[in-house]
Amino acid sequence: MESCPNGNGIGLLDDGGKKETAITKDGLMEFVRSIICKTQEEIDEPFYVFDLGVVISRYDNWTKELPMIHPYYAVKCNPDPALLDALAALGSNFDCASRAEIESVLRLGVSPERIIYANPYSGAKYPLDSKFGANPEEVAPLLEAAKASALSVIGVSFHIGCETTNFGAFRGAIAAAKTVFDTATRLGLPKMRVLDIGGGFTSSNLEFHEAATTIKDALQSYFTDESKLTVISEPGRFFAESSFTIATKIIGKRVRNELREYWINDGKYGSFNCIPSDEAIAKCNSLACTSNGANPTCKALRKYSSTVFGPTCDAIDKIFTGQILPELQVGDWLVFSHMGAYTAPACGTSFNGFNMCAIPTYVVRPNPN
């Protein structure tokens with residue numbers, strides 16, 4: 001395994017010494033199973049699988065829906081070097097919020113001109129307005145102070161908040177941004193030329209289409225007279241979430257009548273830090289490679305109400321409870337899809353002695369045949 005400067009394991013080599021493994025269109029779970037079943041005696045840690053085909057598809061969708069807006073990937077969402085490298089090759093620029101993030105992108109050979117430094121405007125699951133941004137009544141004084149200090153104000157950025165489904169918020173924010181542009185002109189500042197619409201996009205293609213439609217309509221409504229305007233965005237989850245799958249091993253089990261309780265080797269202090277229980281349930285698949293090698297996908301096995309805990313001694317380290325799972329044993333695996341946004345590469349810790357910052361990653365790509 002190769003180690004990256006930021007501590008993330010990346011590019012686990014297969015038997016042929018290649019950093020990428022070609023898989024069929026629907027072969028990701030089969031690939032995960034092959035890794036576990038071939039080397040189950042040696043694997044005692046969770047591992048990620050990064051699917052290059054998914055991030056390529058997401059980037060193609062972006063350029064189709066919002067061709068006038070250049071994406072600056074929000075590195076804080078997932079700084080995995082394989083993801084950053086793929087996005088750089090596809091043509092994405094990068095939104096960095098710290099020196100370490102800037103350095104991780106520069107190490108890939110990305111030109112500094114492709115990086116913006118931004119620290120976050122908000123109807124959203126995770127609103128940002130209490131900490132970041134300016135209130136409307138503060139705009140004119142800020143612009144006047146910039147003018148007095150001979151500072152160059154080239155544009156406006158906003159962020160409606162993470163995982164928003166209120167797409168009208170984009171229209172309201174774009175309208176507010178146009179007001180700032182007009183205020184700057186009124187105060188005699190040079191004409192602004194950049195609009196940064198932030199992020200907040202979910203990984204749903206349908207929701208992204210709705211958001212893109214709203215954004216295009218709002219830009220047409222409010223910025224038709226800005227012929228030299230550059231519009232950028234800071235998507236993170238949109239590219240990262242569905243590109244990663246994580247496999248976790250069952251390291252403990254308790255039976256209480258009809259309830260099954262399991263402990264796995266990742267949890268709330270690692271990959272599940274920002275994953276609500278209902279989302280974890282929706283993403284969960286079982287693999288009984290150890291206890292039932294002839295039937296690893298657990299078909300026809302009796303099922304029980306189950307609770308799944310993380311490995312630490314903290315009682316809040318619980319992934320979910322009350323989920324119906326097949327009977328599993330220590331050494332079996334739970335596999336979770338859509339695990340690339342704000343998981344271990346971004347939010348992992350070493351609490352309680354469990355190092356959740358350096359979970360290894362396998363890289364797969366679509367088989368062209």
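Worth knowing before you read on, the calculation uses all heavy atoms, side chains too, and leaves out hydrogens, waters and symmetry mates.
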Can the ring centroids of Tyr304 and Tyr262 be said to lie less than 6.0 angstrom from one another? no
Side-chain donor or acceptor of Asp266 paired with backbone N/O of Thr248 under 3.5 Å: no
I'd like to know if the side chain of Asp317 and the backbone of Thr312 have a donor-acceptor N/O pair within less than 3.5 Å. yes
So, for Gly236 and Ala74, which heavy atoms are closest and what is the spacing to 0.1 Å? CA-CB, 4.1 Å
Is there a side-chain contact between Ile174 and Phe158, using heavy atoms and a 4.5 Å cut-off? yes
Beyond-backbone contact of Trp333 with Ser286, side-chain heavy atoms, under 4.5 angstrom: no
Same cluster (ILVMFWY, side-chain, under 4.5 Å), Met192 and Ile116: no
Residues Arg186 and Asp182 bridged, charged N to O under 4.0 Å: no
With side chain to side chain contact (heavy atoms under 4.5 Å, CB included) as the test, would you mind laying out the steps for Phe47 and Val32 before giving the verdict? CA-CA 9 Å; Phe47 63 88; Val32 172; 4.2 Å; yes
Got a second to check how far Asn205's CG is from Ser57's OG, nearest 0.5 Å? 6.5 Å
Decide whether Leu66 and Val194 are clustered together by the hydrophobic rule: side chain heavy atoms of Ile, Leu, Val, Met, Phe, Trp, Tyr closer than 4.5 Å, transitively. no
Counting C-beta onward and ignoring hydrogens, is there a side-chain heavy-atom pair between Pro71 and Phe238 closer than 4.5 Å? no
Distance-only, no hydrogens or angles: does the Ser306 side chain make a donor-acceptor pair with backbone N or O of Glu261 under 3.5 Å? no
Straight-line distance of Thr245 OG1 to Phe31 CZ, nearest 0.5 Å: 10.5 Å
Quick check for you: to the nearest 0.5 Å, what is the distance between Leu108 atom CG and Glu103 atom CD? 12.5 Å
Does this structure show an ion pair linking Asp51 with Arg58, if we count only N-O contacts that are shorter than 4.0 Å? no
Under-4.0 Å salt bridge between Arg302 and Glu258: yes
Identify the two heavy atoms, one from Pro366 and one from Gly53, that lie closest to each other, and give their separation to 0.1 Å. CG-CA, 3.5 Å
Looking at Ile43, is its backbone amide N or carbonyl O close enough to the side chain of Lys249 to form a donor-acceptor pair, meaning the two atoms are under 3.5 Å apart? yes
Donor-acceptor pair, distance only, cut-off 3.5 Å: does the side chain of Glu101 make one with the backbone of Ala97? yes
Can you confirm if the aromatic rings of Phe181 and Tyr222 lie within a centre distance of less than 6.0 Å? no
Minimal heavy-atom distance between Gly199 and Ile160, with the atoms involved, is O-CG1, 4.1 Å
Search all heavy atoms of Ile246 against all heavy atoms of Ser271 and return the closest pair with its distance. CD1-OG, 3.2 Å
Mind checking the OH-CD spacing from Tyr342 to Glu241? Nearest 0.5 Å is all I need. 10.5 Å
Using the rule that two of Ile, Leu, Val, Met, Phe, Trp, Tyr join whenever any of their side-chain heavy atoms come within less than 4.5 Å, decide whether Tyr59 and Ile232 are in one cluster. no
Connected via hydrophobic side-chain network under 4.5 Å: Ile69 and Phe170: yes
Mind checking whether Val110 and Phe94 have side chains closer than 4.5 Å, heavy atoms only? yes
Point-to-point distance, once rounded to the nearest 0.5 Å, from CG of Asn78 to CZ of Arg237: 11.0 Å
Within a radius of less than 6.0 Å around CZ of Arg193, do more than 12 heavy atoms belonging to other residues, nucleotides or ligands occur? no
Could you walk me through whether Phe272 and Phe320 satisfy the side chain to side chain contact (heavy atoms under 4.5 Å, CB included) test, starting with their C-alpha distance in whole Å, then the side-chain angles of each, then the deciding distance to 0.1 Å, before giving a yes or no? CA-CA 10 Å; Phe272 297 86; Phe320 55 69; over 6 Å; no
Mind checking whether Phe50 and Phe244 have parallel, tilted or perpendicular rings, split at 30° and 60°? parallel
If you round to the nearest 0.5 Å, how far is CG of Leu328 from CD1 of Ile250? 4.5 Å
With a 6.0 Å cut-off on ring centres, are Trp62 and Tyr73 close enough? no
Taking atom types as modelled, find out whether Asp314 and Tyr269 have a side-chain donor-acceptor pair closer than 3.5 angstrom. yes
Are Leu83 and Val54 linked, directly or through other ILVMFWY residues, by side chains that come within less than 4.5 angstrom of each other? no
Please report the C-alpha distance between Ser92 and Leu90 in whole Å, then the side-chain angles of each, then the deciding distance to 0.1 Å, and finally whether the side chain to side chain contact (heavy atoms under 4.5 Å, CB included) criterion is met. CA-CA 6 Å; Ser92 175; Leu90 288 167; 5.6 Å; no
Are the side chains of Glu234 and Asp196 in contact, using a 4.5 Å heavy-atom criterion? yes
Heavy-atom donor-acceptor pair, Ser277 side chain to Ile319 backbone, under 3.5 Å: yes
Would Val335 and Val49 count as a side chain to side chain contact (heavy atoms under 4.5 Å, CB included) if you check the C-alpha gap in whole Å, the side-chain angles of each, and the deciding distance to 0.1 Å? CA-CA 10 Å; Val335 181; Val49 177; over 6 Å; no
Taking C-beta and beyond as the side chain, do Met68 and Ile215 meet within less than 4.5 Å on heavy atoms? no
Residues Pro360 and Glu45: closest non-hydrogen pair is CG-OE2, 3.5 Å
For the residue pair Leu219 and Leu195, establish whether any side-chain heavy-atom pair is separated by less than 4.5 Å. yes
State plainly whether the residues Lys147 and Glu144 are in salt-bridge range, i.e. N to O under 4.0 Å. no
Less than 4.0 Å between a side-chain N and a carboxylate O, is that true for Glu327 and Arg260? yes
Side-chain (Asp332) to main-chain (Gln329) donor-acceptor, under 3.5 angstrom: yes
Between Tyr48 (side chain only) and Gly340 (backbone N and O only), is there a donor and an acceptor less than 3.5 Å apart? no
Give a yes or no on whether the backbone of Leu151 and the side-chain of Ser149 come within a donor-acceptor separation of less than 3.5 Å. no
Are there more than 12 heavy atoms of other residues, nucleotides or ligands under 6.0 Å from atom CG of Asn257? no
Looking at side-chain heavy atoms only, is the closest gap between Ile23 and Glu30 below 4.5 Å? no
Under the 3.5 angstrom rule, does the side chain of Asp80 hit a backbone N or O of Pro345 as a donor-acceptor pair? no
Tell me the closest heavy-atom pair linking Leu84 and Ser104, and the distance in Å. CD1-OG, 4.0 Å
